[in-house]
Undergrad: 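Take a look at the following structure, please.
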Amino acid sequence: MSSGPQETLVQNRENKLAEIRQLGFDPYPHKFDYTHTVSRIVTEYADRDAAALEAEPQTVRTCGRIMAIRTFGKAAFAHISDGTQRIQFYLKKNEVDEKIFQLFQLLDVGDIVGVDGALFRTRTGELTILARDLVFLAKCLLPMPEKWHGLTDVEIRYRQRYLDLIVNPEVNAIFRKRSLIIRKMREFLEARRYVEVETPMMHPLVGGASARPFITHHNKLDMPLYLRIAPELYLKRLTVGGMERVFEINRNFRNEGISTQHNPEFTMIEFYQAYSDYRDLMELTRDMITWVVDEVVGQRVVTFKGQAIDFGTWHRFTMREAILHFWNRGEPRPAMADLADREGVAALLRRTGAEPAAGESRGALLGQLFEEVVEEQLVQPTFIYEYPVELSPLSKQKDDEPDFVERFELYIAGMEIANAYSELNDPDEQRQRFLEQVRKREKGDDEAQMMDEDYIRALRYGMPPTAGEGIGVDRLTMVLTDSPSIRDVILFPLLKPEKE
RNA sequence: GGGGCGUUAGCUCAGUCGGCAGAGCAACGGCCUUUUAAGCCGUGGGUCGAAGGUUCGAAUCCUUCACGCCUCACCA
């Protein structure tokens with residue numbers, strides 16, 4: 001970083017900064033009053049042609065980062081950007097103060113400036129500011145990436161996201177879209193009488209999902225704390241307390257592997273609706289996501305990794321139906337009867353080439369079979385419902401089939417996007433489920449949940465029938481921005497530390 | 001964690017069979033008052049990811065390591 005040729009590149013820029021100071025300019029002024037952002041100029045004057053700008057002169061005062069400079073000895077063009085749009089200004093030696101021209105000669109690509117002048121159109125028709133004043137605002141001391149290819153090295157892009165944002169305008173667009181997606185989801189829920197809440201990020205117990213937690217420690221209390229893997233158990237305490245519709249948008253932390261679909265911290269919108277069941281949430285989910293797609297994308301068909309995803313058509317299968325429907329491992333095709341017992345499921349699992357784990361229940365194997373056979377085929381928005389009770393320690397059982405629970409997941413582009421269920425509100429049954437989790441934990445399953453006595457106590461005060469859901473905001477954003485990696489929709493994804 | 005690929009100038013990339021380290025942009029010095037990847041002339045810039053090894057000679061072959069990407073496993 002501080003060796004060899006880059007030193008001279010940086011030295012050049014530092015020398016220029018010193019010269020700017022010697023010319024009498026403040027190298028780090030405190031503020032700049034502008035009349036227009038660059039973006040506003042570009043949109044507001046998009047329709048004014050050269051004649052219109054001549055007949056009715058428009059002066060603007062704006063600011064941004066210099067993205068390109070083209071000099072002609074006694075004149076020059078430069079583009080400045082506000083991060084979203086860019087506009088050109090034209091500076092002529094005989095139309096500005098001598099000092100301003102000298103200042104301009106000391107500018108580099110990357111510097112931040114203010115410009116003041118009248119708008120005109122060049123011969124080629126480009127909207128341009130004829131500069132009458134130029135204000136130095138900040139120096140870019142490090143050399144900028146190249147103008148044609150920009151910055152493509154993903155390691156630098158993720159580590160130095162600021163540079164990525166400066167150079168690659170589409171990155172800025174993705175994160176604006178992410179912001180809009182979250183805003184629209186919030187708006188959707190608020191319009192339905194939901195209240196936004198914040199619950200603890202540091203938990204004394206692990207619960208609400210199956211995942212390994214990050215562990216930390218409180219010094220004064222001398223107690224271990226877990227970064228939350230899910231807010232679920234706190235949000236449901238709130239429904240006990242009479243907050244009938246609550247939601248939270250925040251991070252979960254899971255101490256698991258990292259991949260194009262997994263970051264150790266990720267954003268989940270989780271919501272609970274009293275006096276409703278999972279079927280109501282299926283409707284709500286479809287309505288919410290189609291509306292968000294309409295608002296954010298403007299059309300129902302979205303391209304993701306080259307595939308057309310149609311949010312105008314939603315599919316639904318029970319987990320068992322999906323296994324039969326999407327079976328692609330040759331004849332004979334399985335029938336519902338083959339899923340009826342553990343041995344049948346295990347046999348099918350063997351036909352996929354997977355080895356059914358020894359101690360696992362029929363429900364767990366069913367889940368495994370689903371993942372083997374179905375998951376990656378669920379490209380179009382698809383609800384999978386009725387999950388095995390063994391995989392769902394917090395969900396309410398089906399009345400007519402207690403081996404299964406009232407739960408669904410939403411799949412898009414082969415990814416799990418949402419998970420929802422009718423909440424188990426029978427405290428005795430919940431205790432049994434927790435005890436089962438504790439047994440798993442004792443057998444070495446470090447993803448199993450812990451007994452949460454206070455949560456049981458809350459349920460004993462009575463929780464209304466309630467349905468709850470979590471939607472993975474990062475993954476939804478991936479689909480709506482055609483981003484193949486979760487790192488493309490997280491500003492600062494976790495990376496190993498830079499060496500040195 | 002396993003497998004595959006990658007790491008060369010500030011950036012984007014070439015580098016053949018092991019034989020003097022290259023280009024474009026950026027930078028620096030000139031010329032240039034409507035350019036658009038502006039143009040023309042000239043100049044400088046390298047611990048070839050790191051450490052070992054093979055060889056008369058290594059960016060190039062071998063080993064180990066670091067980081068990244070893809071993929072599998074795990075997970076949402």
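Note on naming: letters A, B, ... go to the chains in the order of the sequence lines (proteins, then strands), and numbering restarts at 1 for each one.
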Undergrad: When only distance counts, do a donor and an acceptor, one from the side chain of A/Glu126 and one from the base of B/rU35, lie under 3.5 Å apart?
TA: no
Undergrad: What integer distance in Å separates A/Phe253:CZ from B/rA76:P?
TA: 17 Å
Undergrad: Under 3.5 Å, is there a donor-acceptor pair between the A/His36 and A/Gln58 side chains?
TA: no
Undergrad: Given the C1' atoms of B/rG22 and B/rU60, what is the spacing between them in whole Å?
TA: 15 Å
Undergrad: Which base sits across from B/rC17 as a Watson-Crick or G-U pair, both distances under 3.5 Å?
TA: none
Undergrad: Just checking A/Glu447: base, sugar-phosphate only, or nothing, at a heavy-atom cut-off of under 4.0 Å?
TA: sugar-phosphate
Undergrad: Please report the distance separating the P of B/rU64 from the corresponding atom of B/rG2, rounded so that it comes out in whole Å.
TA: 12 Å
Undergrad: Can you check the distance between B/rA58 and B/rG15, where both ends of the measurement are the C1' atom (answer in whole Å)?
TA: 14 Å
Undergrad: So, does A/Arg159 get its side chain near the phosphate of B/rG68, meaning an N or O under 4.0 Å from OP1 or OP2?
TA: yes
Undergrad: Salt-bridge test for A/Glu283 and A/Arg286: reply yes if a basic N is under 4.0 Å from a carboxylate O, no otherwise.
TA: yes
Undergrad: Tell me whether A/Arg320 forms a cation-pi arrangement with A/Phe404, defined as NZ or CZ under 6.0 Å from the six-membered ring centre and within 45 degrees of its axis.
TA: yes
Undergrad: Using the C1' atom on both, measure B/rA21 against B/rU47 and round to a whole Å.
TA: 13 Å
Undergrad: With a 3.5 Å cut-off and heavy atoms only, can you find an N or O donor on one side and an acceptor on the other between the side chain of A/Ser259 and the base of B/rU71?
TA: no
Undergrad: Applying the salt bridge (charged side-chain N to carboxylate O under 4.0 Å, His left out) test to A/Asp111, which of A/Arg65, A/Lys139, A/Lys16 qualifies?
TA: A/Lys139
